[in-house]
Chemist: 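Below you will find the structure I want to go over with you.
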Amino acid sequence: ERLALTLHALQTHTRRIILLTQPPLLPPSAERSAIRAGSRPPFFEAAADRDLRQQCNNSVKKMSGSGIDVLDIDPLFTNPDGGILTITPAGRDVFHDKVHLSTDGAALLTPLLDPLLTPPQSAAPLSLP
């Protein structure tokens with residue numbers, strides 16, 4: 001309900017809102033110190049964390065509608081076996097820490113975000129007061 005109220009308030013100030021769902025949370029075994037100590041993939045999100053995150057993501061997805069786009073980014077960071085994608089195809093870290101994407105991880109969002117951030121051809125340029 002708080003998200004809906006916030007979005008409603010924001011909509012009076014913008015034409016479009018883009019929401020992203022939350023990617024998986026890395027378990028302690030995927031932290032850099034654990035990897036240096038010998039921990040290896042696959043890494044799986046704790047069941048309680050996954051369930052809560054998916055519940056929150058479902059709430060965010062329900063906000064999609066007029067002027068609000070929701071990008072479900074979970075599939076970008078979850079392998080078919082449920083493991084968390086921690087390395088890009090180029091061999092770079094996807095996460096900076098447990099809850100933050102690295103620059104390379106954030107770059108994985110570009111193909112999803114670009115179409116939403118590119119103005120339509122027929123859009124008139126915005127004029128500032």
Side-chain angles (χ1 to χ4, degrees):
E1 186 173 312
R2 288 188 300 182
L3 177 59
L5 291 172
T6 301
L7 292 173
H8 179 71
L10 287 171
Q11 282 183 309
T12 62
H13 302 287
T14 186
R15 287 186 234 162
R16 180 183 224 172
I17 296 171
I18 301 171
L19 301 175
L20 282 70
T21 58
Q22 176 70 39
L25 300 174
L26 288 181
S29 62
E31 293 176 6
R32 291 178 187 193
S33 59
I35 292 170
R36 282 192 301 272
S39 184
R40 295 290 177 261
F43 300 113
F44 294 90
E45 188 173 23
D49 288 342
R50 182 193 63 237
D51 293 345
L52 179 59
R53 182 180 57 79
Q54 288 178 341
Q55 181 182 4
C56 292
N57 282 350
N58 287 336
S59 294
V60 169
K61 289 180 209 176
K62 290 178 185 175
M63 297 295 115
S64 181
S66 179
I68 300 174
D69 292 299
V70 176
L71 294 179
D72 183 11
I73 64 170
D74 188 39
L76 289 177
F77 303 102
T78 308
N79 294 317
D81 67 356
I84 300 171
L85 176 71
T86 56
I87 304 294
T88 68
R92 307 289 306 243
D93 288 331
V94 172
F95 289 87
H96 176 69
D97 59 28
K98 180 178 179 170
V99 296
H100 295 99
L101 295 172
S102 67
T103 302
D104 293 286
L108 296 174
L109 301 174
T110 302
L112 294 175
L113 286 170
D114 272 352
L116 295 176
L117 297 175
T118 303
Q121 297 294 343
S122 62
L126 292 177
S127 59
L128 299 175

Chemist: How close do Ser29 and Ala34 get, heavy atom to heavy atom, and via which atoms?
Modeler: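 Scanning both residues, the minimum pair turns out to be O-CB, 3.5 Å.
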
Chemist: Drop me the distance from Leu109's CG to Asp114's CG, to the nearest 0.5 angstrom.
Modeler: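 With rounding to 0.5 Å, CG (Leu109) is 10.5 Å from CG (Asp114).
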
Chemist: Counting only pairs under 3.5 Å, give me each side-chain donor-acceptor contact of residues 69-86, with atom names and distances, residues two or more places apart or in other chains.
Modeler:
residue : atom : partner : partner atom : Å
Asp69   : OD2  : Arg16   : NE           : 2.7
Asp69   : OD2  : Arg16   : NH2          : 3.0
Asp72   : OD1  : Thr21   : OG1          : 3.1
Asp72   : OD1  : Asp74   : N            : 3.4
Asp72   : OD2  : Lys61   : NZ           : 3.3
Asp74   : OD1  : Arg53   : NH1          : 3.0
Asp74   : OD1  : Arg53   : NH2          : 3.4
Asp74   : OD1  : Thr78   : OG1          : 3.1
Thr78   : OG1  : Asp74   : O            : 3.1
Asp81   : OD1  : Gly83   : N            : 2.7

Chemist: Quick one: does Asn57's side chain have a donor or acceptor within less than 3.5 Å of a partner on Gln22's backbone?
Modeler: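 Yes: the side chain of Asn57 pairs with the backbone of Gln22.
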
Chemist: Leu116 and Leu20: same hydrophobic cluster, using ILVMFWY side-chain contacts below 4.5 Å?
Modeler: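 Leu116 clusters together with Leu20.
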
Chemist: Answer yes or no: is there a side-chain heavy-atom contact under 4.5 Å between Phe95 and Ile87?
Modeler: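 When only atoms from C-beta onward are counted, Ile87 and Phe95 do not touch, as no gap falls below 4.5 Å.
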
Chemist: In the single-linkage hydrophobic clustering (I, L, V, M, F, W, Y; side-chain heavy atoms under 4.5 Å), do Leu25 and Phe44 co-cluster?
Modeler: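 No, it is not one cluster - the side chains of Leu25 and Phe44 are not joined through contacts under 4.5 Å.
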
Chemist: I'd like to know if the side chain of Glu45 and the backbone of Pro24 have a donor-acceptor N/O pair within less than 3.5 Å.
Modeler: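 It does not hold such a pair.
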
Chemist: Which value, rounded to the nearest 0.5 Å, describes the distance between Thr88 atom OG1 and Asp93 atom CG?
Modeler: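 That separation rounds to 8.0 Å.
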
Chemist: Counting N and O atoms only, with roles assigned by atom type, does the side chain of Ser102 sit under 3.5 Å from a partner on the main chain of Val94, one being a donor and the other an acceptor?
Modeler: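 Here the side-chain-to-backbone pair exists.
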
Chemist: How long is the straight-line distance from CG of Leu19 back to CE of Met63, given to the nearest 0.5 Å?
Modeler: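 Going from the CE atom of Met63 to the CG atom of Leu19 covers 8.5 Å.
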
Chemist: For residues Val60 and Leu3, determine if any side-chain heavy atom of one lies less than 4.5 Å from a side-chain heavy atom of the other.
Modeler: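 Answer yes - side chains close enough.
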
Chemist: Identify each donor-acceptor pair in which a side-chain atom of residues 4-13 lies under 3.5 Å from a protein atom, sequence neighbours left out, and give them as a table.
Modeler:
residue : atom : partner : partner atom : Å
Thr6    : OG1  : Arg2    : O            : 2.9
Gln11   : NE2  : Ser66   : O            : 2.9
Thr12   : OG1  : Ala9    : O            : 2.8

Chemist: For salt bridge (charged side-chain N to carboxylate O under 4.0 Å, His left out), just list the numbers for Asp97 and Arg32, CA-CA rounded to whole Å, side-chain angles, deciding distance to a tenth of an Å, and then say yes or no.
Modeler: CA-CA 8 Å; Asp97 59 28; Arg32 291 178 187 193; over 6 Å; no

